[in-house]
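Note on naming: letters A, B, ... go to the chains in the order of the sequence lines (proteins, then strands), and numbering restarts at 1 for each one.
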There are 2 protein chains.
Amino acid sequence: MAEKRRLYPIVTADVALFTLQEQRLRVLLIQRANNPTPGGWALPGGVLNPELDASLDHTALRILAAKTRVALPHLEQVATHSGPDRDPRGWSVSTLYYALLPSDQVPAVAGDKTESIEWCDPERPGHRLAFDHRVLLGEALATLREKVGRGALPLHLLPAKFTLTELQRACEAILGRPLDKAAFRRQIKEAPQLVAVEGEFLRGAQRPAQLYRAAGGFAF
Amino acid sequence: MAEKRRLYPIVTADVALFTLQEQRLRVLLIQRANNPTPGGWALPGGVLNPELDASLDHTALRILAAKTRVALPHLEQVATHSGPDRDPRGWSVSTLYYALLPSDQVPAVAGDKTESIEWCDPERPGHRLAFDHRVLLGEALATLREKVGRGALPLHLLPAKFTLTELQRACEAILGRPLDKAAFRRQIKEAPQLVAVEGEFLRGAQRPAQLYRAAGGFAF
DNA sequence: GCAATAGTGTCTATTAGACAATATGGG
DNA sequence: CCCATATTGTCTAATAGACACTATTGC
């Protein structure tokens with residue numbers, strides 16, 4: 001119980017950043033170089049700075065950029081956790097986000113204050129996570145799954161142009177189970193957020209596949 | 001722009017407290033007696049006190065009890081809003097909850113720091129709301145509707161014992177549209193969170209209706 | 001032609017909505 | 001018996017999953 005008396009709580013934003021690697025869903029973990037838990041693995045996150053940030057969303061993006069040099073991904077709020085014992089620094093309020101990074105934009109070099117970073121299996125991260133981040137990661141994954149399970153399309157995980165099969169693989173990676181091709185296509189063919197790129201195909205040693213892109217006002 | 005320079009943001013919890021009155025969904029609004037917006041109507045809410053509160057949920061319950069003398073309702077987190085301009089007092093972080101109050105427990109006398117309270121139609125509150133509370137109310141209502149629309153049962157809106165017809169009326173009040181009796185019953189008959197109270201019936205000038213109650217570990 | 005993947009058609013079990021029929025108590 | 005509401009049954013259109021079939025390219 002390293003509880004310092006504070007008038008104000010620490011306010012932080014934490015992000016579960018997901019991407020696809022070889023058709024597997026991965027989440028970004030960082031090893032913290034400095035306090036409060038040197039050497040511990042955690043979700044990227046950091047403290048709100050009212051002088052720099054226009055909102056907690058902004059905090060999340062700023063932290064992500066500083067710690068990982070990752071370009072602006074799509075953010076989705078999951079939940080806010082709070083209490084005196086979550087963080088050894090004292091009473092804290094943390095808003096959790098998840099984000100999806102296109103699989104062709106995984107620079108992810110270690111940035112400031114970060115010893116190293118790693119893309120992990122979100123179900124079994126392979127590291128003991130600091131704070132309550134193991135729980136947060138579970139929540140973020142569950143929220144993402146629920147959304148995709150209800151028909152949301154994780155277009156932000158894919159490059160700008162993609163095939164329907166690639167989109168199906170992305171959904172399968174998130175849900176952790178195979179989907180039926182015909183049913184999947186029936187479902188998404190009505191989605192207005194999907195636009196065929198006329199005349200463009202992915203070619204290989206088989207029938208070419210139509211390329212699609214996200215529609216203009218696409219919001220996940 | 002009444003922006004004071006602050007090192008820390010104000011952290012608050014706001015609650016959209018719903019109940020049923022004559023089969024209509026109502027939300028509790030309060031008229032603020034003191035700063036920052038004297039006389040303005042708003043959702044009940046207040047500032048986190050790290051010395052008193054074990055979590056933001058606790059803050060919400062404490063504020064609700066102080067301002068309205070309402071007993072512990074069920075709380076559900078909706079979202080967290082933040083930014084320098086939401087609140088005239090400065091940079092703020094507000095976690096929004098909704099809560100359901102049984103229709104037979106609406107004491108709702110004005111408490112501390114509250115001039116008056118009123119149960120309003122959540123779609124047309126009839127008062128201009130302070131801060132961004134109009135938006136928050138819309139979000140809370142949308143979240144509640146989405147949940148009930150997906151089959152969640154708003155048992156917390158009902159007294160301890162209730163009939164299936166009362167439950168259906170509650171869902172209809174939330175969704176704003178009539179539901180088919182047979183379909184509704186088919187759907188909820190499988191729900192394990194519903195238990196028939198054997199031998200107890202609501203009697204009137206018609207066939208008696210079986211009374212039900214929420215099952216033991218019921219979570220909304 | 002063959003391999004490989006894209007894209008479509010079909011059959012069926014399940015389900016939600018509409019509506020009707022029956023059940024049961026009070027008067 | 002009549003009224004009002006509870007409770008159940010039936011019919012149907014829409015849907016999701018399983019599975020098979022056709023299409024189109026490179027080689």
Subject >> Steps toward salt bridge (charged side-chain N to carboxylate O under 4.0 Å, His left out) verdict (Glu198(A), Lys161(A)) >> reply: CA-CA 11 Å; Glu198(A) 298 298 339; Lys161(A) 297 175 185 175; over 6 Å; no
Original post:
Taking Leu144(A) as the fixed residue, which of Val78(A), Leu175(A), Ile174(A) is the one that meets the side chain to side chain contact (heavy atoms under 4.5 Å, CB included) rule?
Top reply: Ile174(A)
Subject >> Length of the line joining Phe184(A):CZ and dT8(C):C1', which is rounded to integer Å >> reply: 16 Å
Original post:
With a 3.5 Å cut-off and just heavy-atom distances, do the side chain of Arg186(A) and the base of dG17(D) make a donor-acceptor pair?
Top reply: yes
Original post:
Below 4.0 angstrom from OP1 or OP2 of dT7(D), is there any side-chain N or O of Arg185(B)?
Top reply: yes
Original post:
Reckon Arg203(B) has a side-chain N or O less than 4.0 Å from the OP1 or OP2 of dG25(C)?
Top reply: no
Subject >> Spacing of Arg177(B) atom CZ relative to dG17(C) atom C1', expressed in whole Å >> reply: 11 Å
Original post:
Contact class for Gln210(B) (heavy atom, under 4.0 Å): base, sugar-phosphate, or nothing?
Top reply: sugar-phosphate
Original post:
With sugar-phosphate meaning primed atoms plus P, OP1 and OP2, does Thr163(A) contact a base, only sugar-phosphate, or nothing at under 4.0 Å between heavy atoms?
Top reply: nothing
Original post:
Is any side-chain nitrogen or oxygen of Lys181(A) closer than 4.0 Å to OP1 or OP2 of dC19(D)?
Top reply: no
Original post:
Tell me, do His58(A) and Ile63(A) make a side-chain contact under 4.5 Å, heavy atoms counted?
Top reply: no
Subject >> Residue Thr165(A), side-chain heavy atoms: nucleotide from dA6(C), dG17(C), dT25(D) that is nearest >> reply: dA6(C)
**OP:** Assign Ala205(B) to base, sugar-phosphate, or nothing according to its heavy-atom contacts below 4.0 angstrom with the strands shown.
**Re:** base
**OP:** Could you tell me the separation between the CD atom of Gln187(A) and the P atom of dA18(D), rounded to a whole number of Å?
**Re:** 14 Å
**OP:** Name the residue closer to the 5' end of DNA chain D, choosing between Arg169(B) and Gly204(A) according to the nucleotide with the nearest heavy atom.
**Re:** Arg169(B)
Subject >> d(CG, Leu194(A); P, dG7(C)) in whole Å >> reply: 12 Å
**OP:** Whole angstrom is fine here: how far is it from CD in Gln206(A) over to C1' in dT5(C)?
**Re:** 5 Å
**OP:** Nearest whole angstrom, please: distance from the C1' of dA4(C) to the CG of Leu202(A).
**Re:** 13 Å
Original post:
Among dT8(D), dT8(C), dT7(D), which is the nearest nucleotide to the side chain of Ala182(A)?
Top reply: dT8(C)
Subject >> Integer-rounded Å distance: dA6(D) P and Leu179(B) CG >> reply: 15 Å
**OP:** With DNA chain C as reference, determine whether Asp180(A) or Ala209(A) sits nearer its 5' end, using the nearest nucleotide of each.
**Re:** Ala209(A)
Original post:
Out of curiosity, Asp87(A) CG to Ser92(A) OG, how far, rounded to the nearest 0.5 Å?
Top reply: 5.0 Å
Original post:
How about Phe184(B) and Asp180(B): do any of their side-chain heavy atoms sit closer than 4.5 Å?
Top reply: no
Original post:
Given atom OH of Tyr212(B) and atom P of dA6(D), what is their separation to the nearest angstrom?
Top reply: 12 Å
